[in-house]
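Remember, it's 1-based here, ligands and their atoms both numbered in the order they're listed.
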Amino acid sequence: MISSEDVRELIEHKAQAGSGVLSVYLNVDQSQAVNLNRGFEAALKNMLRNLEDTLASQEQKKAFSSATDLVLKAVAKYSPHGRSLMLFCTPSGVIRQQELKIEIENSVRWSAKPYIRPLLEAFDEFQRYGLVLTDKAHSRLFTVFLDQVEEHVDALASQDVKHIKGPGTDHMLSQMHVQRKADGHVRHHLKNVADLLGKVAEDNQFNRLILAGPVAATNELQGLLPTHLRKLVIGTIPLSMDAGSSQIIEATRRLQSGAERAEEEGLVQDLITAAAKNNQAVTGLDSTLRTIQEGRVWHIVYADGYTPQGGECVNCGFLIAGKTVPCPYCEGEVQVVKDVVARAVSRVVNAGGKAEQVRDKAAERLHSAGGVGAFLRF
Ligand SMILES: [Zn+2]
C-alpha cells in the first residue's frame, strides 16, 4: 500500500528546469475485458500520443520522449495483479512505480512535479488542503498535508490596496467617491487572488480549499472563484492575517471534521435512498453479507460501534449474521466470528472495494437502517 511518506516524497519532488515529470495512472484490472491481452498498454500508448501533441517546445518534446520511452519499457515488463498502476518518471528515470488495489481513472500528465491529485482523491487519509488567508488588501497561501503547514510566499502576488486619503473636506459626495474607489481596489485585489489561485491549485495540488480571514473578504472571494475551485471549498473561517502554523492547523482540523461529518451524512442518506429504491444498494447485515458473497459489493458503509457477532463457513467462506448454523450455501461447518462486520469490511477491501466507517449523526441514521449497508457493482 502507499504510505503518507510516499505521498510526501512525491509532493516534495523538486522541479528541474528543462525537465518534467510524466505521471501515469493506468487501470490494469484484469477482470475488465479491455485490459486483457495487455490492452492497458495500447490504452497507455494512445494517451501518450495525445499528450505529446499538446507540447509546444522542442525541448519539452525531447524530455517528454525520453520519459515516455522509460515508462513504456517499465510497463512492458510489468505483469498486472492489482487494479491500477501508478508511475512517475523523469527523462532520467522512474521515480516511483506502484500497483494499487483500488481503481483509478486512466490519465497521463506532463508537468513540473508529480501529478498527485488522483492519488489524494482516491485515499481519504491523504487530503491536502489549500488555505487562503485574505483580507481586503493582502493574501497569504498555505498548503496543509498531514498536519504540516507550508506557506507559498510567492504564490499570490500581493497587490496592496493603496491607502486612499480623503481630499480633506467633509464633503459627502467626495467621500462617497473615495469609498467607491477603495471598494474597487478591494474587488480588484480579490479578483486577482481568485485568478491566481487557479494556477496555484494546479501547481500545489490540493483537493480541498479553505478560505480564511475577515468574513467580508472571504465571502467576496468565494463569490469570485471559478466553479472548479469553488467546488473544493469546504468552508470559510475567521482568522487573523498574521496567523501562525498552529492556528492554520487548528482551523484546518476544525473544518475538516465538519466536512467529513457532512460527507458521511450525505453518504448514508444516498445509501438509504438507493436501497429503498432497489437501486444497486442494500442496507442491513443479512443483505450486505449476501451481496458480498455474490461478489457485488464495491463500497461498504458501516456505523461506528456496530460490531455484531456472526459466523464464517469454513468451506466456502460465506459470512453469516447471528447464530451459527450449517452454511446455507454449502451446508459446511460454520465458525463463530466475533465481529462479522470487521470481517466483511476486510473482505470487501481485499477484493479492491472501498469501506467507510461513519460516525455521530450519520452513524445514528445508519444504525436505524441496520448498521451497515453497501453500494453494489450490479
Ligand atoms: Zn459454505
Side-chain angles (χ1 to χ4, degrees), residues 1-2 27-37 79-84 99-104 122-125 264 267-359 362-378:
M1 260 292 122
I2 188 132
N27 181 325
V28 296
D29 188 348
Q30 292 298 293
S31 70
Q32 296 179 15
V34 287
N35 291 327
L36 294 175
N37 302 315
S79 62
H81 300 289
R83 302 205 127 178
S84 318
E99 198 170 54
L100 301 171
K101 277 187 174 174
I102 54 163
E103 199 170 311
I104 296 190
F123 294 95
D124 281 347
E125 65 270 35
E264 288 173 3
L267 182 71
V268 168
Q269 185 56 51
D270 289 350
L271 178 71
I272 290 172
T273 308
K277 289 182 184 163
N278 242 330
N279 184 14
Q280 301 199 9
V282 291
T283 51
L285 188 56
D286 279 323
S287 305
T288 305
L289 295 178
R290 181 174 40 78
T291 46
I292 288 175
Q293 178 73 2
E294 293 163 357
R296 293 162 66 195
V297 171
W298 73 271
H299 190 177
I300 183 169
V301 183
Y302 61 107
D304 182 23
Y306 182 56
T307 57
Q309 198 181 23
E312 180 175 23
C313 172
V314 294
N315 185 38
C316 73
F318 184 45
L319 295 172
I320 298 160
K323 268 193 167 171
T324 50
V325 289
C327 172
Y329 272 80
C330 71
E331 300 194 333
E333 188 195 332
V334 172
Q335 276 181 348
V336 175
V337 174
K338 263 193 180 163
D339 179 353
V340 75
V341 169
R343 188 68 60 90
V345 165
S346 65
R347 189 80 55 91
V348 170
V349 171
N350 284 331
K354 267 177 72 167
E356 186 139 342
Q357 187 193 54
V358 298
R359 289 151 292 178
E364 278 170 34
R365 188 82 212 286
L366 187 54
H367 269 303
S368 64
V372 64
F375 293 99
L376 308 177
R377 292 181 209 275
F378 54 89

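- Side-chain contact between Leu267 and His299: present, with at least one pair of heavy atoms (C-beta onward) separated by less than 4.5 Å.
- Here the CZ atom belonging to Arg343 is positioned 12.0 Å from the CD1 atom belonging to Ile320, to the nearest 0.5 angstrom.
- Glu264 places no side-chain N or O within donor-acceptor distance of the main-chain N or O of Ala362, the cut-off being under 3.5 Å.
- The main-chain N or O of Phe378 is found under 3.5 Å from a side-chain atom of Arg296 such that the two form a donor-acceptor pair.
- Of all protein N, O or S atoms, those under 2.8 Å from the Zn ion (ligand 1) number 4.
- Within the structure, no pair that satisfies the side chain to side chain donor-acceptor pair (under 3.5 Å) test touches residues 325-342, not counting sequence neighbours.
- By the 30° and 60° cut-offs, the orientation of the rings of Phe375 relative to Trp298 is tilted.
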